[in-house]
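These notes are about the structure you will find just below.
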Amino acid sequence: MPQNKAFILASRPSREVPAGPHNFQLVEREAAAPGEGEVLVRHHYLSLDPYMRGRMNDGKSYAQPQPLGEVMIGGTVGEVVASRNPRFAVGDRVVGTGGWQLYGLSDGKGLRKIEPGTPIQAWLGPVGMPGVTAWYGVTQIIAPKAGETVLVSAATGAVGSVVGQLVKLAGARAVGIAGGPEKCAFAVSDLGYDACVDHRDVDFPARLKEAVPDGINGLFENVGGEPFRQAMRRLNPFSRIALCGLVSSGYDGTPTPLPDVRVLLDTRSRLEGFIVSDHLSVWPQALSELAGHVAAGRLRWRESVAEGLEAAPQAFFAMLKGGNFGKQLVKLI
């Protein structure tokens, strides 16, 4: 069998020693041969996502912590190179959660064949978990109506870039928040946002107010921190807030500063936190609609691609600091 390379989680971050590439260890070993009912997948791309940072901790959360000494969790796309599972043939392109490694052994559960006609890495972005996350928050929580205004933080990220376009497809006005003039320009010129505000601008509160002069009816929150607090000040009555992430908050146990929640009562608004893996029943519908949008050219996206498995740790922590532009991937082949 071929040689496999993998990153395992070797240690957990702490307040004394913050998270960094030192928490991972690269190991090499022969890829396992598939047993009865199993397949071996050669991964082409690895997805890097903010949720992985939370899994590095061992505190209570919505999911079990990443076990020490095991391959770091992560979404992957690739090709079946050996199969003893009747559902999959050698050469099938598949998407799954093979983790930070070149080869992944799977019993077929959670492994899906990729439809032809779409770039393989899109199944880790607009037609993958980020896309479904965007779809759920927009269609099931915010449910924008024509003429309403929806504000989206991390507007050019893997999730936010899809959110803005789905909002526009619903006939609503989309306003983004992003870090830096380049990302804001891309949000408007390429993703179709009606406006985008740079959260690094020293006059960010004033710029945000100018961008949403009539307030907002929906908020898709990915970041937290000061942009979140300022966004909550712009809520109209009966607004809907999809709380998807708080990537700006620390993962070291430090409490996350939140806006004054009295505004929710004053505006009779609804805030709902959600984890997309809790809603597997709607994934087929979401994926079908998203794939249709991609095939018709209605969805655009951008990728940041690190080359080679060895680049994964540095790319991961750069992404957490906003160093990526669009979906962060690692090319493995």
Side-chain angles (χ1 to χ4, degrees), residues 9 46-67 70-77 94-99 106-114 122-144 150-154 157-167 170 218-224 228 239-249 251 256 258 261 264 269-293 299 319-320 327-328:
L9 184 64
L46 165 67
S47 173
L48 298 179
D49 300 284
Y51 78 85
M52 297 172 177
R53 176 59 189 87
R55 299 286 184 92
M56 293 173 68
N57 295 344
D58 61 359
K60 183 179 180 182
S61 184
Y62 65 88
Q64 291 296 316
Q66 166 70 31
E70 294 188 12
V71 176
M72 184 66 186
I73 189 174
T76 50
V77 289
V94 293
V95 58
T97 52
S106 171
D107 62 4
K109 295 177 181 177
L111 201 64
R112 302 194 315 274
K113 292 182 184 179
I114 293 175
W123 293 86
L124 296 176
V127 199
M129 182 270 291
V132 177
T133 300
W135 181 93
Y136 188 88
V138 172
T139 67
Q140 307 299 300
I141 299 177
I142 297 176
V150 177
L151 184 63
V152 185
S153 62
V159 174
S161 60
V162 179
V163 171
Q165 294 176 88
L166 292 179
V167 168
L219 171 62
F220 197 108
E221 185 54 51
N222 290 304
V223 178
F228 186 24
S239 293
R240 292 84 63 197
I241 304 151
L243 183 57
C244 176
L246 297 168
V247 72
S248 72
S249 59
Y251 290 90
T256 302
L258 293 173
V261 295
L264 296 174
S269 295
R270 177 168 62 91
L271 183 153
E272 182 175 342
F274 74 102
I275 304 298
V276 72
S277 57
D278 290 337
H279 307 285
L280 297 179
S281 63
V282 301
W283 277 57
Q285 178 187 353
L287 290 171
S288 175
E289 292 184 15
L290 292 165
H293 289 320
L299 277 185
M319 175 201 65
L320 293 178
K327 174 64 191 169
Q328 181 63 63

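Computed from a predicted model, the values in this text were never measured in an experiment.
A donor-acceptor pair under 3.5 Å is formed between the side chain of Trp283 and the backbone N or O of Val276. Between the side chain of Gln66 and the backbone N or O of Val71, at least one donor-acceptor pair lies under 3.5 Å.
For Lys327 and Ser161, the side-chain atoms include no donor-acceptor pair closer than 3.5 Å.
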Audit row: Thr76, Ser47, side chain to side chain contact (heavy atoms under 4.5 Å, CB included) steps and yes/no: CA-CA 6 Å; Thr76 50; Ser47 173; over 6 Å; no
Taking it one step at a time, do Met72 and Met56 satisfy side chain to side chain contact (heavy atoms under 4.5 Å, CB included)? CA-CA 9 Å; Met72 184 66 186; Met56 293 173 68; 4.0 Å; yes
Does the side chain to side chain contact (heavy atoms under 4.5 Å, CB included) test come out yes or no for Met129 and Asp49, once each step is laid out? CA-CA 10 Å; Met129 182 270 291; Asp49 300 284; 3.8 Å; yes
Should Trp123 and Val94 be marked as a side chain to side chain contact (heavy atoms under 4.5 Å, CB included) after you check the CA-CA gap, both sets of side-chain angles, and the distance that decides it? CA-CA 9 Å; Trp123 293 86; Val94 293; over 6 Å; no
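Atom CE in Met52 sits 12.0 Å away from atom CG in Leu9 (nearest 0.5 Å). Here the straight-line distance linking atom CG of Leu111 with atom OG1 of Thr97 works out to 8.5 Å at 0.5 Å rounding. With values rounded to the nearest 0.5 angstrom, Ser277 atom OG is found 11.5 Å from Tyr136 atom OH. Between the CG atom of Leu166 and the NE2 atom of His293 there is a distance of 5.5 Å, given to the nearest 0.5 Å.
With Trp135 as the partner, the side chain to side chain donor-acceptor pair (under 3.5 Å) test is satisfied by one option alone out of Glu289, Gln140, Gln285: Glu289. Exactly one of Leu246, Asn222, Leu320 qualifies for a side chain to side chain contact (heavy atoms under 4.5 Å, CB included) with Pro50. That residue is Leu320.
Side-chain contact between Ile141 and Arg270 is present, with at least one heavy-atom pair separated by less than 4.5 Å. Using a 4.5 Å cut-off on side-chain heavy atoms (C-beta onward), Val162 and Pro130 make no contact. Residues Leu219 and Ser239 form no side-chain contact, since every pair of their non-hydrogen atoms from C-beta on lies 4.5 Å or further apart. Ile114 has its side chain within reach of Val77: a pair of non-hydrogen atoms, C-beta onward, lies under 4.5 Å apart. Between Leu264 and Ile241, some side-chain heavy-atom pair lies under the 4.5 Å cut-off. Here the side chains of Glu221 and Ser153 are in contact, with some heavy-atom distance below 4.5 Å. For the pair Arg112 and Leu287, the minimum side-chain heavy-atom distance is below 4.5 Å.
Between Arg55 and Ala63, the shortest heavy-atom distance links the atoms NE-CB, 3.2 Å. When all heavy atoms of Gly75 and Leu124 are compared, the pair lying nearest together is C-CD2, 3.7 Å.
Between Phe274 and Phe220, the ring-plane angle classifies as perpendicular under the 30° and 60° cut-offs.
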